[in-house]
Amino acid sequence: MTDLETRAAPSSRAGALRRAAPALLGYAAVRALGLVALAVWSAARDKSAYTLLTARWDALWYTRVAELGYGYEVRLANGDVHSNLAFFPLLPWLERLVTAVSPLSYADGGFLVGLFASLAAAWGIFAVADHVYGRRAGVCAVLLWAVLPVGIVQSMAYSESLFTALAAWALYAVLTGRWPAAGTLALLAGLTRPVGMAVVAAVWVAALASFVRDRRAREPDGARIAPSAPASASAPDSISAPASASADASRVLGMLLAPLGTAGYVLWVGHHTGKGPLGYLDVQAGWRNGFDGGYAFARFVAEKFTSFPSALAGVGLIVGVASVIWLYAVGVRQRQPLPLLVYTGVVTALALCASSYFGSKPRLLVPAFPLLLPLALALARLRTRRSALVLGSVAVASAVYGAFWLNGPGPP
């Protein structure tokens, strides 16, 4: 497949939902299994599974933004300043909205948003994979996303599910030529997480590539040749030129809308802190987070080999990173559509090359769902019983690991 090849879209929303139903039902079953495992494990340790999902780590920061607004910070003994300006506003806005229209708390609102956003993300992942590779691969892609080792994050009051939903549907809009919708969704993704710039990059690169293809398809005098018609049967200027101008305007509108979320929040933070356009980088520096090309992460991995027990973790980290790079390379060889490759490349680079919070890297890769498409294609080629056995086994392992992980060290 190439990025020029498409599949017929369902004729209606109801038809699209029926087509996605197996993927969504399978996704809901996997997430329910994960929540049951978490509840059982947490009860055995005398902990509240709901508190783990809604009131720890980043979830607390989001609810504080929703309740108190921006300006809250924590000064650590080593001089670091953790400011809530590091957290983008869309999830807190939605938490505040839920609280305003219901008796639910901000934490409840975050959990509810995460619940519906995870389903929307699953549907969006299915839509993208189905459009490019067909329905069976779409179902497999959704289930693979559900059974990720850190898939429990998809059920937390975190922003990963919300961002993935917006990103997936933005990419689907790009693939189907809905440029204003793609730009709007990219704008919202940019208000959700800093990695929203990956969606912006995908929209811009795809739009520019589309401009180039259209220009090459036009005659020297500007008339557009119908792709399925010979040159002698091309439409007259009076018909093709307005259509071309309308398509160009649609792409330009999408490109203009796409960066407004990320740019708007970053510039607002700079104004709010009085540190100018780069003020957001100072906020991130207070969390000791930045982009160093992966140097700090490589040093972190190397330090694992100073003793035998930790060396096993080092080997695991190397295997994990190598697997991510290999999956991306396979996607390139399989000629995934350009927007998917751009989006995945930016998400992966930002996750692996950040200079802090190394334990968060698996979580930061959750939105990089196109990495799963090569595996989805491989599963789709298996007999249904065999692929179900593989996915079922991994789902059980993922549920157990998620319960262990959330009751223990993760996610920061």
Side-chain angles (χ1 to χ4, degrees), residues 57-62 64-65 70-92 150 153 158-160 163-164 167 186 189-202 204 259 261-304 313-314 317-318 320-321 324-325 328 342-368 409-412:
W57 303 296
D58 289 5
L60 284 175
W61 286 92
Y62 283 118
R64 284 176 184 141
V65 172
Y70 285 106
Y72 176 84
E73 61 184 29
V74 174
R75 295 183 177 273
L76 305 183
N78 64 358
D80 291 345
V81 178
H82 288 184
S83 168
N84 66 358
L85 289 168
F87 296 87
F88 277 51
L90 186 58
L91 177 57
V150 293
V153 169
Y158 269 41
S159 61
E160 273 77 8
F163 176 79
T164 304
L191 288 170
T192 307
R193 296 184 64 81
V195 76
M197 65 182 68
V199 189
V200 177
W204 271 67
T262 301
Y265 181 68
V266 168
L267 291 175
W268 178 82
V269 169
H271 174 75
H272 182 77
T273 59
K275 296 183 178 180
L278 300 181
Y280 183 76
L281 298 181
D282 290 336
V283 171
Q284 287 286 3
W287 288 79
R288 297 206 173 189
N289 198 18
F291 187 88
D292 65 355
Y295 171 75
F297 183 46
R299 189 174 60 184
F300 171 79
V301 173
E303 290 172 353
K304 294 294 182 182
L317 288 170
I318 292 174
V321 172
V324 168
I325 296 173
Y328 186 78
V342 171
Y343 167 78
T344 309
V346 175
V347 172
T348 302
L350 291 176
L352 296 182
C353 298
S355 60
S356 188
Y357 297 98
F358 306 118
S360 296
K361 294 193 182 295
R363 175 172 66 87
L364 298 178
L365 285 168
V366 166

task: Applying side chain to side chain contact (heavy atoms under 4.5 Å, CB included), run through Thr348 and Val324 and close with a yes or a no.
output: CA-CA 8 Å; Thr348 302; Val324 168; 3.6 Å; yes
- request: Let me see the working for Arg288 and Asn78 under side chain to side chain contact (heavy atoms under 4.5 Å, CB included), right down to the final yes or no.
  value: CA-CA 11 Å; Arg288 297 206 173 189; Asn78 64 358; 4.0 Å; yes
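- Nearest heavy atom pair, residue Ala198 against residue Val347, reads CB-CG2, 3.6 Å.
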- prompt: What's the verdict on side chain to side chain contact (heavy atoms under 4.5 Å, CB included) for Tyr343 and Val199, showing C-alpha distance, side-chain angles and the deciding distance?
  reply: CA-CA 6 Å; Tyr343 167 78; Val199 189; 3.8 Å; yes
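- Between Asp292 and Arg299, none of the side-chain N atoms (NZ, or NE/NH1/NH2) sits under 4.0 Å from a carboxylate O, so this pair counts as no salt bridge.
- Atom-to-atom distance recorded for Ser159:OG and Leu90:CG is 9.0 Å, nearest 0.5 angstrom.
- The heavy-atom pair separating Cys353 from Phe291 by the smallest distance is CB-CE1, 3.3 Å.
- Interatomic distance, NZ of Lys304 versus CG of Leu317, reported as 7.0 Å (0.5 Å rounding).
- How far CZ of Arg193 is from CG of Leu364: 6.0 Å, rounded to the nearest 0.5 Å.
- Using a distance-only test at 3.5 Å, with no hydrogens or angles considered, no donor-acceptor pair links the side chain of Ser83 to the main chain of Glu73.
- In plain terms, the two heavy atoms of Ala201 and Val346 that are nearest each other are CB-CG2, 4.3 Å.
- Taken from CG in Asn289 to OG in Ser360, the straight-line distance is 8.5 Å, to the nearest 0.5 Å.
- Each of Phe87, Trp61, Tyr62 was scored for a ring pair (Phe, Tyr, Trp, His ring centres under 6.0 Å) with Tyr72, with one residue passing: Trp61.
- Residues Ala351 and Leu365 approach most closely at CB-CD2, 3.8 Å, considering heavy atoms.
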message: Using side chain to side chain contact (heavy atoms under 4.5 Å, CB included), reason through Val321 and Ile325 one step at a time and then give a plain yes or no.
response: CA-CA 6 Å; Val321 172; Ile325 296 173; 3.9 Å; yes
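- What you find for Thr164 and Pro367 is that their closest heavy atoms are OG1-CA, 3.4 Å.
- Separating the CZ atom in Phe163 from the CG atom in Leu191 is a distance of 11.5 Å, to the nearest 0.5 Å.
- Of all the heavy atoms in Leu85 and Trp268, the pair that sits closest is CD2-CZ3, 3.6 Å.
- With contacts defined as side-chain heavy-atom distances shorter than 4.5 Å, the pair Val266/Pro277 does not qualify.
- The aromatic rings of Phe88 and Tyr280 sit perpendicular to each other, their planes meeting at more than 60°, with 30° as the lower class boundary.
- Contact of the Thr273 side chain with the Asp282 side chain is not registered, since no non-hydrogen atoms from C-beta on lie closer than 4.5 Å.
- The distance from the NZ atom of Lys361 to the CZ atom of Phe297 is 5.5 Å, given to the nearest 0.5 Å.
- Counted within 6.0 Å of NE2 on His271, heavy atoms from surrounding residues, nucleotides or ligands total 12 or fewer; the atom is thus considered open.
- Side chains of Trp287 and Asp80 form no contact here, defined as non-hydrogen atoms less than 4.5 Å apart.
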